[in-house]
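Encoded as structure tokens, the structure appears first; notes follow it.
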Amino acid sequence: MSVNLEFEQNPDGRYHLSKSTTIADFGLSQNRKGGLFGVREVAYGNYLVNKPEPDSTYRNQEDAIPEAAKNQTDEFWNKNRIDTLTTAESKIYKNADSLRNMPAFKRTVDLATLLIAGYKDYNTFEIGPANAFYSYNPVEGVKLRFGGRTTPNLSKRYYFETYAAYGFNDEKWKGFLSATYSLNNKSIYKFPQNYIRASVQYDTYIPGENLQFVEEDNVLLSFKRGDNTKYLYDLSYRLDYVHEFENHFSYAFGFNRQNQSPAGSLYFIEQNGSGQQENIHNLYTSDITATIRYAPNEQFYQGKIYRIQVPSKNPVFTFNYDEGLKNVFDGQYSYQKLSGQIDKRFYLSQLGWLDATGVAAHLFGQVPYPLLDIFHANQTYSYQIYSYNLMNFLEFVADHYESISLDQHFNGFFLNKIPLLQKLHWRETASFKSIWGGLSNQNNPSLHPNLYQFPVTATGQPITNALGRTPYMEGSVGIENIFKFVRVDLVRRFTYLNDPGVAKWGIRTLVQFNF
């Protein structure tokens, strides 16, 4: 890749950019048998200097461009173009249109979009995500799912999303339906968001599983280690309001009415007034939530399904409040949850960078264990940045905790000094995660038989525990930038090694693109 910048002296005596030319040659190999070649040339002129404009001129520039300016005639451009096009350049638009209309090219683009973005676009509606069409778990067996969502081409105000799924083992239908109304007449996928959404969902999930940017109905997550038979059927009705501001301060409010039912080998057992154990089939909750987030000078990449933040030296602050409403829409428990999180990247010169996350949370009130903080475990073979990769599902619960996560990227500091490995452009990583906290007496089921009892194995060994004085800790070393986007970590668990089904070591893989 080469970039050439040309400058010309303007009447103000200063030199300003007059032409920018970028040439890129992407080859699949050193012998250049295949690849792509592209040229981008931009000309600048007619600079206005020392003529102040209001701040509004520089905000929402995309929306400020009149539609007429986007569709000018060839005569207009021939008259107003700063530089003269060559014969080949003048044919670019016609050639590009011809290429886009070729059936073979259209099929290739559709396939690439489906594989990369996960959706097949039909102008006003798109089908996906493709990686959720098929999945498997021991409770539902083979699970087929099909759905999609509307696009801004249908409406910039109204958006709908849905899916239907069927498990061939439990023989149950699941589904999701949401309707979103944009309050600022912008796409809800563009910054800043300002919308209200109503949704209903009935599906399964694993307590304590926290997935980043992926869904549980993902074929790549169908393979899990250890016991994976404790699920919940969840029926929830949600109403959410989200409002983002230009300075990257945002707040959100929500109401959620939820019905959780145990599935697989999971059970809810409590002691009734007669002192006998009783199976509970439904756990009803109604709660209101509030979230405040501030990310100064934030930038991000907007994908089809999610956003990826472009890390910077500025910290990101997130605060959450959740209040359970007893006797409201059948809600059975009254409680309050407070949590705060700080994310920050530290740039360490030649040693690369360090991503640090600190979290603190506290629950007030007496609740059964499904409503406690169930630590985010990961029993898949993918490496999850914000989960504990050698912790088992439902292994630890707490009503108060603090945690820290450190993810170090050395950016080739060591491997670049090894002659043969230097050519592979691999990069070293290291991580450390720790969480400490506990369970107060009022939420300990061994002291309060009327609370749901913690799950145990077939031999009576506890599966779910409260942390003791020792924090849970794990760490890893790894290599990233394998094939430019693969990261492989060797993970080691340091504490609570005698819990049933614990793995001390593990190899985990992550597909990622670093910014």
Side-chain angles (χ1 to χ4, degrees), residues 178 191-199 201 205-213 232 234 236-245 247-258 260 283 285-296 298 300 306-309 314-326 328-329 331 333-344 355-377 384-388 396-405 433-440 443 467:
S178 73
F191 177 85
Q193 297 176 339
N194 186 12
Y195 65 81
I196 185 170
R197 171 179 291 159
S199 62
Q201 182 176 34
Y205 75 94
I206 301 174
E209 184 177 40
N210 181 42
L211 303 174
Q212 292 87 52
F213 315 130
L232 286 170
D234 177 71
S236 63
Y237 301 87
R238 290 192 60 89
L239 184 64
D240 296 285
Y241 171 65
V242 176
H243 193 173
E244 295 179 334
F245 295 88
N247 62 355
H248 293 275
F249 172 84
S250 64
Y251 61 83
F253 297 103
F255 173 79
N256 183 31
R257 195 273 189 183
Q258 196 170 17
Q260 301 180 66
L283 172 59
T285 55
S286 297
D287 61 299
I288 54 175
T289 60
T291 299
I292 296 175
R293 184 178 184 271
Y294 181 51
E298 180 185 39
F300 49 78
Y306 50 79
R307 282 180 188 170
I308 299 178
Q309 182 192 13
N314 300 301
V316 178
F317 305 92
T318 307
F319 301 95
N320 297 289
Y321 176 75
D322 185 358
E323 178 165 358
L325 306 175
K326 190 174 182 180
V328 176
F329 293 103
Y333 294 93
S334 176
Y335 56 87
Q336 298 80 37
K337 289 183 180 180
L338 284 172
S339 67
Q341 178 173 322
I342 301 176
D343 299 273
K344 179 167 172 51
D355 289 328
T357 300
V359 182
H362 201 291
L363 181 146
F364 302 89
Q366 187 178 62
V367 295
Y369 76 83
L371 302 182
L372 297 172
D373 286 304
I374 303 176
F375 295 164
H376 296 152
Q384 293 289 321
I385 300 295
Y386 297 106
S387 299
Y388 300 95
F396 293 106
V397 297
D399 56 15
H400 62 278
Y401 72 90
E402 295 80 33
S403 70
I404 187 170
S405 175
K433 301 175 183 179
S434 178
I435 187 167
W436 57 97
L439 190 66
S440 62
N443 286 311
L467 281 175

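Throughout, residue positions are numbered sequentially from 1 according to the sequence presented.
- Shortest non-hydrogen contact noted between P296 and P315 is CD-O, 3.3 Å.
- Here the rule is side-chain contact (heavy atoms from CB on, under 4.5 Å) with E323, and of L338, I288, D287 only I288 fits it.
- Of the possible polar contacts, none joining the N194 side chain to the F245 backbone as a donor-acceptor pair under 3.5 Å is found.
- Below 30°, between 30° and 60°, or above 60°: for F319 and F317 the angle between ring planes is below 30°, a parallel geometry.
- Annotation for D399 and L439: closest pair OD1-CA, 3.6 Å, computed over non-hydrogen atoms.
- Side chains of N314 and E298: no donor on one and acceptor on the other come within 3.5 Å.
- Between L232 and P207, the closest heavy-atom pair is CD1-CG, 3.6 Å.
- Once rounded to the nearest 0.5 Å, the distance linking CH2 of W436 with CD of E402 reads 6.5 Å.
- With rounding to the nearest 0.5 angstrom, the CD atom of Q258 is 8.5 Å from the CZ atom of R238.
- Here the side chain of E244 pairs a donor or acceptor atom with the backbone of Q193 at under 3.5 angstrom.
- Side chains of F253 and L239 form no contact here, defined as non-hydrogen atoms less than 4.5 Å apart.
- The distance between the ring centers of F300 and F191 falls below 6.0 angstrom.
- Proximity of a side-chain donor or acceptor of D240 to a complementary backbone N or O of G254 within less than 3.5 Å is not detected.
- Using modelled atom types, one side-chain atom of K337 and one backbone atom of L371 make a donor-acceptor pair closer than 3.5 Å.
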Audit row: F329, Y237, ring pair (Phe, Tyr, Trp, His ring centres under 6.0 Å) steps and yes/no: CA-CA 11 Å; F329 293 103; Y237 301 87; 9.3 Å; no
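- Using modelled atom types, one finds no donor on one side chain facing an acceptor on the other under 3.5 Å when comparing D322 with T289.
- One finds the OG atom of S403 at 7.5 Å from the CD atom of Q341 (value rounded to the nearest 0.5 Å).
- Using modelled atom types, one side-chain atom of H400 and one backbone atom of G438 make a donor-acceptor pair closer than 3.5 Å.
- In this structure, S236 and N256 approach most closely via the heavy-atom pair CB-OD1, 3.5 Å.
- Once rounded to the nearest 0.5 Å, the distance linking CG of L283 with OH of Y333 reads 6.0 Å.
- Using a distance-only test at 3.5 Å, with no hydrogens or angles considered, a donor-acceptor pair links the side chain of K433 to the main chain of I385.
- When side chains are defined from C-beta on, D343 counts as touching Y386, because their heavy atoms get closer than 4.5 Å.
- Looking at V367 and N443, their side chains come closer than 4.5 Å, going by heavy atoms from C-beta outward.
- Ring centroids of Y401 and F375 are separated by less than 6.0 Å, placing the two rings close together.
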